[in-house]
> 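Provided herewith is a single structure, encoded as structure tokens, for subsequent inquiry.
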Amino acid sequence: MPLVPVLARMERNGVALDLALLSEMSWDLAQRLGELEKEIYGWVGYEFNINSTQQLSDALFGKLGLPATGLRKTSSGSYSTAVDTLESLKDKHPVVNLILEHRQLSKIKSTYVDALPKLVNTKTGRVHTSYNQTGTVTGRLSSSDPNLQNIPVRTEVGRRVRNAFIAEPGWSLIKADYSQVELRILAHVSQDPAMLEAFARGEDIHATTAAAVYGVPLSEVTPELRRVAKTANFAVTYGVTGYGLAQSTGMSQEEAEKFIRNYFARFPKVKEYLDRTKKTAAERGWVETLLGRRRYFPELKSTAPMHAQARAAAERMAINMPIQGTAADIIKIAMVRLQKALDERGLHAKLILQVHDELVLEAPDDELEQTSALVKAIMEGALKLDAPLKVDIKLGRNWGEME
DNA sequence: AACTAGGCT
DNA sequence: GTATAAGCCTAGTTG
């Protein structure tokens, strides 16, 4: 095999940025942050470093005297100023919302808007992340310098950052993401009939879950019920507790515990799978993905006494690894097969991003149809599951606006 | 370097 | 009685 010159290889795998957009965003954010600082100082009565959790805590709980009783504390004993704490204080003082907005905007500005342009390669005009293939315990990749697996998407200002990831003129981005891949893996490995059937029918799995758990017809599932069921579906693969589900949904702990009981009553094989995984982890000292990737838990196998808390934490990791790791195995298989298929067909698309259950390619506009079909077929065919893999394809000129 | 916080799947 | 959802990376503050 001839050596591919480094630069030629890099030109195949970077992603272009809209530097003008990021520059405009940086200026806008600086203005807004300046306004917020003035207002915050006005409410507090003096200037301080809002980025300092210590100084912020002093301002809120000292100077302004906000009620701190019952609030979470950090490991070093001071009052937490994390977002869930601040959310609970929203109604107590008008400065709290200003701080929340300041937090969000300064995160976006420092970590993305101002950092990304500095990492554009001067030779290629693109950013070239590093994908670490041996950096995780589950088999996932990780991404660094910059991390392109945590580019904002949830908020409006965040999504504008994604809009800055663009295709070259004459090219488009193809985004292909696995639909509910971890739940499909859970359905397959647990062989739970209700869950398998929902996927076989192509149903909205979160709505189906809500209907089953609450015992109502699918037509009566409200957005709120679906939201809770969606959170619960994710939480199950993490080894959920009533407390955790309550925190993430807003339910009371009692309601959350009842929900979980109903969930396992409706999906009994899921419960059996979770218990079986915990048991084998303790007996063998390891768990594995469908493809045989292992994660070891010597502490669970050891006869030495374990703190209940440490055991529970290790069990949650053991529950999650085969699910998350199988998803990682699947997308890795797809990536290898996809690059081979692109080469064989003489297609010019470049694989430019992997975000755990999503691939992004840049493809010439006249090859979009053929490339999209190929990507979908290869990703969906990467592994045969009893809950078949499904891939959604979107196209766009940038990563934030795709359809 | 430790800690806190927060962005993503 | 206590802690309580898996896996990552980066930025800013503090000592």
Side-chain angles (χ1 to χ4, degrees), chain A residues 48-57 72-86 99-100 102-116 118-119 129-132 135-155 157-159 161-162 177-183 186 231-249 253 256-257 260 274 277 287 295 307-328 331 353-359 399:
Chain A
F48 66 102
N49 187 345
I50 302 168
N51 291 327
S52 162
T53 51
Q54 209 168 291
Q55 293 178 41
L56 180 61
S57 179
R72 186 165 66 87
K73 292 197 174 180
T74 63
S75 56
S76 54
S78 53
Y79 289 112
S80 168
T81 64
V83 63
D84 25 319
T85 303
L86 296 182
I99 290 167
L100 283 167
H102 188 279
R103 271 277 171 75
Q104 189 208 354
L105 298 186
S106 71
K107 173 71 178 183
I108 299 283
K109 185 172 189 289
S110 65
T111 307
Y112 305 101
V113 174
D114 292 343
L116 286 170
K118 295 177 187 165
L119 293 164
T129 184
S130 295
Y131 284 109
N132 189 344
T136 71
V137 292
T138 58
R140 276 188 173 183
L141 303 184
S142 73
S143 161
S144 58
D145 308 302
N147 181 357
L148 296 186
Q149 292 179 321
N150 74 341
I151 299 302
V153 68
R154 290 174 196 175
T155 65
V157 60
R159 190 169 275 270
V161 174
R162 229 167 240 241
D177 66 286
Y178 282 113
S179 167
Q180 287 121 20
V181 60
E182 294 197 356
L183 269 185
L186 179 63
T231 303
N233 273 331
F234 288 122
V236 164
T237 65
Y238 299 152
V240 70
T241 66
Y243 178 87
L245 186 62
Q247 290 297 308
S248 58
T249 58
Q253 187 167 338
E257 283 165 0
I260 293 169
L274 301 178
T277 303
V287 295
R295 178 173 178 182
H307 283 121
Q309 194 179 318
R311 172 173 297 279
E315 285 175 346
R316 289 195 298 271
M317 297 177 210
I319 284 171
N320 179 256
M321 187 276 169
I323 310 287
Q324 187 185 121
T326 297
I331 199 166
L353 297 172
Q354 189 258 42
V355 194
H356 309 305
D357 64 358
E358 166 187 357
L359 297 178
W399 195 16

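Computed from a prediction, not measured in an experiment: that's the story for all the values here. Here is the naming used below: chain letters follow the sequence lines, and residue numbers restart at 1 for every chain.
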> With heavy atoms under 4.0 Å as the rule, sort Arg103(A) into base, sugar-phosphate or nothing.
sugar-phosphate
> Quantified in whole Å, what is the P atom distance between nucleotide dA5(B) and nucleotide dT4(C)?
15 Å
> Figure out the CD/P separation between Gln253(A) and dA3(C), and round it to whole Å.
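Taking CD of Gln253(A) and P of dA3(C), I get 13 Å after rounding.
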> From C-beta outward on Val83(A), which listed nucleotide comes closest to its side chain: dT9(B), dG6(B), dA6(C)?
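Between dT9(B), dG6(B), dA6(C), the one nearest the side chain of Val83(A) would be dG6(B).
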> Taking CG from Leu183(A) and P from dA6(C), how many angstroms apart are they, rounded to a whole number?
17 Å
> In whole angstroms, how far is the C1' atom of dC8(B) from the CZ atom of Phe234(A)?
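Rounded to whole Å, this separation is 13 Å.
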> Need one value for Ala235(A): base, sugar-phosphate or nothing, where a base atom within 4.0 Å counts as base even if backbone is also close, heavy atoms only.
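Contact class for Ala235(A): base.
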> In whole angstrom, what separates Ile108(A)'s CD1 from dC8(B)'s C1'?
11 Å
> Whole-Å distance between dC8(B) C1' and Gln104(A) CD?
14 Å
> With sequence neighbours left out, what residues match Tyr79(A) under ring pair (Phe, Tyr, Trp, His ring centres under 6.0 Å)?
Phe61(A)
> Output the rounded distance in Å from CD (Glu358(A)) to P (dC8(B)).
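After rounding, the gap between these two atoms is 12 Å.
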> For dT4(B) and dA3(C), measure between their P atoms and round to the nearest Å.
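Each nucleotide's P atom is 15 Å from the other's.
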> Looking for any heavy atom pair under 4.0 Å, which part of the strands does Val236(A) touch: base, sugar-phosphate only, or nothing?
nothing
> With Tyr243(A), which residues qualify under ring pair (Phe, Tyr, Trp, His ring centres under 6.0 Å), at least two apart?
none
> Taking protein heavy atoms under 4.0 Å as touching, what does nucleotides 7-15 of chain C look like 5' to 3' if B marks base contact, S marks sugar-phosphate-only contact and - marks none?
BSSBSSSS-
